[in-house]
Amino acid sequence: MLRAIPSRRTGQPRYHFRRIVPALLRPLLGKTEISLVLHTSDKLVARERAAALYARTGQLFRAGKMQHPTKDDLLALYRDLIDSYEAALKAQEDSAAKVLEAERAQHLIEKADLVTKQSTFLNTVLPHMEGLLKGLGQLRHTLEKREVWAVTEKQGLQNQITTLCGLIQNSLPHNEDKPDGQKSSSKQPRSMKLSAAAEKFVFSVPSKSAGTIKGTGKTVALFTEAFGDIPVHQITGDVVGEFYDLLSGLPTTHGKGKVTLPLRDAVREAEDNGAELVSGKTVKNHFSRMSAIWSELVLRDLAPKNPWANWSFDLTQKTNRRAWSEDELRTLLTSKWLGRVFPERTYRGIVRIALYTGMRLGEICNLRNEDIEVLNGIPCFHIRPHTVEIDGKIREWSPKTSAGTRIVPIHSKLLEKGILEEFRNAGPYFFSELPISNFGVRGANFELIFSKHKRRLNLPTQVTFHSFRHLVSTVLRNQDSHIRELWIDDLLGHEATHKSQGTTQYTSAIYLQNLQRVVEAITYPDDIANW
């Protein structure tokens, strides 16, 4: 409450300003102004405002001493002081807000300019980066076909190519990051790339066979060469359709020569030259491998649907495989071996076993030393599923069918040539010098190099390594001796019309003798037999 205090000198009433100013400030200074002064972060501004208020208050003191104002005069005077101070404060705040707004506008202009520059850069660089990816894919395929490097050197180079592809692919803008309004109308989430899906659902699955891993690797490599290692959600029906057209126009010789053309170039050249194209069955196999990956993706809600399903394939195209003729066989066996990946003795050993057993290439290449057994006095190959650990890595293998698990007596000609003494060793595999392919398949490198060797000799496409099985089957079925069809099927591991009785029957002395009769019925002219 404002009260007058008598003067000691005159006795006249006077106001004690040092006491009344706080009383005046309390009702006049609202909570907003006090809060603003107390909570401002700029101490320098706060000091300036306080100094201005102090100066105006000093003016109020001097006016009060000189004029002896009434209470109402003092209140009116101080209200005017507060109003002018609030007006100055409001003007200063408006000015600061406009400065801040201008700074924000400048920041947005600079940001827009940066985005424009980045978009221009990406639009310029993106085609070249995609071209570089395709070039690296082609380099990978070329590397796989070359024979001049050791397996470890090839693997090191392929690892570096994979690393480069990953770095480039990760630097490319995703669907939601594309410049110049290239975003899709509905923003799609990022998902794992094709290579990661293949690794998770095929390559790293122990139950997958070596053949499945090898085949899937080829399919993924072809797709990656054509479209890059893109996320699976970007592989839609139109992409799959384009891949279907590319595969259907691929020549049968693609990937089998010293120089492999890029996928699209190979298709164009095949069309120009009217070359023989791959069969519908080959295209179907590629689609089946991809469809198996997408089945897992759909089950895990990583893909909305399977774009690889429900396609039609022309299965009428087929290259009829047949047995070797004697003249073709002589050309093959008398030619000089030029392969460098494994020695000539390994080549000869594998071909000799194929000639006198009709075993599949994978069965021969995966023979272990412990699979050489003597049963009832008869040396035999025991073809069966097995697991081998090499360099800390587990490798599983099994025959193509259940009938593939079987006993095969070793032909006397093979024993005469010293096949056991030449190749039996302390390691796990009978053919220890045979390398393992990048997909962990024993025999894949042999098959590739054997095909190149055959083409160098201008031998027809109708004969392949598998033709040795046709040859043995033909020789046995043309025999005049009484050899039962059932025994031939059991020797070759065919799924016959009879129900398989398993390998327990093979160990009986009588049955082994019958199988030995079948094996010894495989005969050739002397020049072929003595090779």
Side-chain angles (χ1 to χ4, degrees), residues 126-127 129-142 144-145 161-162 165 168-169 172 174-175 184 188 191-203 212-256 260-272 275-298 302-317 439:
L126 187 58
M129 295 181 75
E130 291 175 344
L132 182 57
L133 273 177
K134 292 179 181 178
L136 287 171
Q138 172 59 28
L139 179 59
R140 188 200 304 275
H141 286 290
T142 302
E144 290 175 354
K145 311 305 178 187
I161 290 173
T162 301
C165 288
I168 295 172
Q169 189 64 48
L172 293 175
H174 291 274
N175 187 58
S184 60
Q188 295 175 319
S191 61
M192 68 169 63
K193 293 180 180 178
L194 175 60
S195 60
E199 175 65 30
K200 182 173 183 178
F201 302 125
V202 180
F203 301 151
T212 298
I213 293 174
K214 174 187 174 184
T216 303
K218 287 183 177 179
T219 303
V220 171
L222 285 172
F223 184 92
T224 303
E225 181 187 350
F227 302 99
D229 187 14
I230 60 178
V232 294
H233 78 264
Q234 293 182 10
I235 303 176
T236 55
D238 58 338
V239 176
V240 173
E242 185 178 349
F243 189 54
Y244 178 96
D245 295 337
L246 286 172
L247 290 178
S248 300
L250 204 59
T252 56
T253 55
H254 183 71
K256 297 179 180 179
T260 300
L261 289 174
L263 188 64
R264 298 176 190 276
D265 293 343
V267 171
R268 282 193 293 269
E269 186 173 287
E271 184 178 2
D272 293 341
E276 181 183 359
L277 305 180
V278 298
S279 66
K281 182 179 179 182
T282 299
V283 179
K284 181 180 179 181
N285 288 340
H286 284 301
F287 268 60
S288 296
R289 294 162 192 152
M290 298 293 261
S291 183
I293 297 175
W294 255 255
S295 295
E296 291 286 347
L297 292 170
V298 172
L302 297 174
K305 63 178 182 178
N306 184 354
W308 302 92
N310 302 320
W311 289 81
S312 298
F313 305 94
D314 181 7
L315 303 180
T316 58
Q317 287 180 295
F439 298 108

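- A pairwise comparison of heavy atoms in Asp229 and Thr224 identifies N-CG2, 3.7 Å as the closest pair.
- Evaluation of the side chain to side chain contact (heavy atoms under 4.5 Å, CB included) rule for Ala292 yields no partner, not counting sequence neighbours.
- The line from NZ of Lys281 to CG of Asp314 is 14.0 Å long, rounded to the nearest 0.5 Å.
- Listed by chain and residue number, nothing satisfies the side-chain hydrogen bond (donor to acceptor under 3.5 Å, both in side chains) test with Ser295 (two or more places apart in sequence, or in another chain).
- In this structure, CD in Gln234 is found 9.0 Å from OG1 in Thr236, a value given to the nearest 0.5 Å.
- For Pro307, the side chain to side chain contact (heavy atoms under 4.5 Å, CB included) test picks out Val240, Trp294, with sequence neighbours left out.
- Applying the 6.0 Å contact sphere to CG of Asp238 captures more than 12 heavy atoms from other residues, nucleotides or ligands.
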Check the pair Ile293 / Val232 against side chain to side chain contact (heavy atoms under 4.5 Å, CB included), numbers first and verdict last.
CA-CA 10 Å; Ile293 297 175; Val232 294; over 6 Å; no

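- You'll find the side chain of Lys218 stays beyond 4.5 Å of the side chain of Asn285, heavy atoms only.
- Between Val283 and Trp311 the shortest side-chain heavy-atom distance does not fall below 4.5 Å.
- Qualifying side chain to side chain contact (heavy atoms under 4.5 Å, CB included) partners for Ser288, counting only residues two or more places apart in sequence or in other chains: Lys284.
- Heavy atoms only, all atoms of each residue included: Phe227 and Val239 are closest at CZ-O, 3.8 Å.
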Show, in sequence, the C-alpha distance, side-chain angles and deciding distance for Ile230 and Phe223, and conclude whether the side chain to side chain contact (heavy atoms under 4.5 Å, CB included) test is met.
CA-CA 10 Å; Ile230 60 178; Phe223 184 92; 4.3 Å; yes

Could you tabulate the donor-acceptor pairs under 3.5 Å formed by side-chain atoms of residues 241-250, not counting sequence neighbours?
{"from": "Glu242", "atom 1": "OE2", "to": "Arg264", "atom 2": "NH1", "distance (Å)": "2.9"}
{"from": "Glu242", "atom 1": "OE2", "to": "Arg264", "atom 2": "NH2", "distance (Å)": "3.4"}
{"from": "Tyr244", "atom 1": "OH", "to": "Ser312", "atom 2": "O", "distance (Å)": "2.8"}
{"from": "Ser248", "atom 1": "OG", "to": "Tyr244", "atom 2": "O", "distance (Å)": "2.8"}

Go through the steps to decide whether His254 and Leu263 satisfy the test side chain to side chain contact (heavy atoms under 4.5 Å, CB included), and finish with yes or no.
CA-CA 8 Å; His254 183 71; Leu263 188 64; 4.1 Å; yes

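- In this structure, the side chains of Thr219 and Met290 come closer than 4.5 Å at one or more pairs of heavy atoms.
- If you take NZ on Lys193 and CD on Glu199, they are separated by 15.0 Å, rounding to the nearest 0.5 Å.
- For Phe201 against Leu302, the heavy-atom pair with the smallest separation is CZ-CD1, 4.3 Å.
- Scanning for side chain to side chain contact (heavy atoms under 4.5 Å, CB included) contacts around Lys200 gives Met192, Arg300, with sequence neighbours left out.
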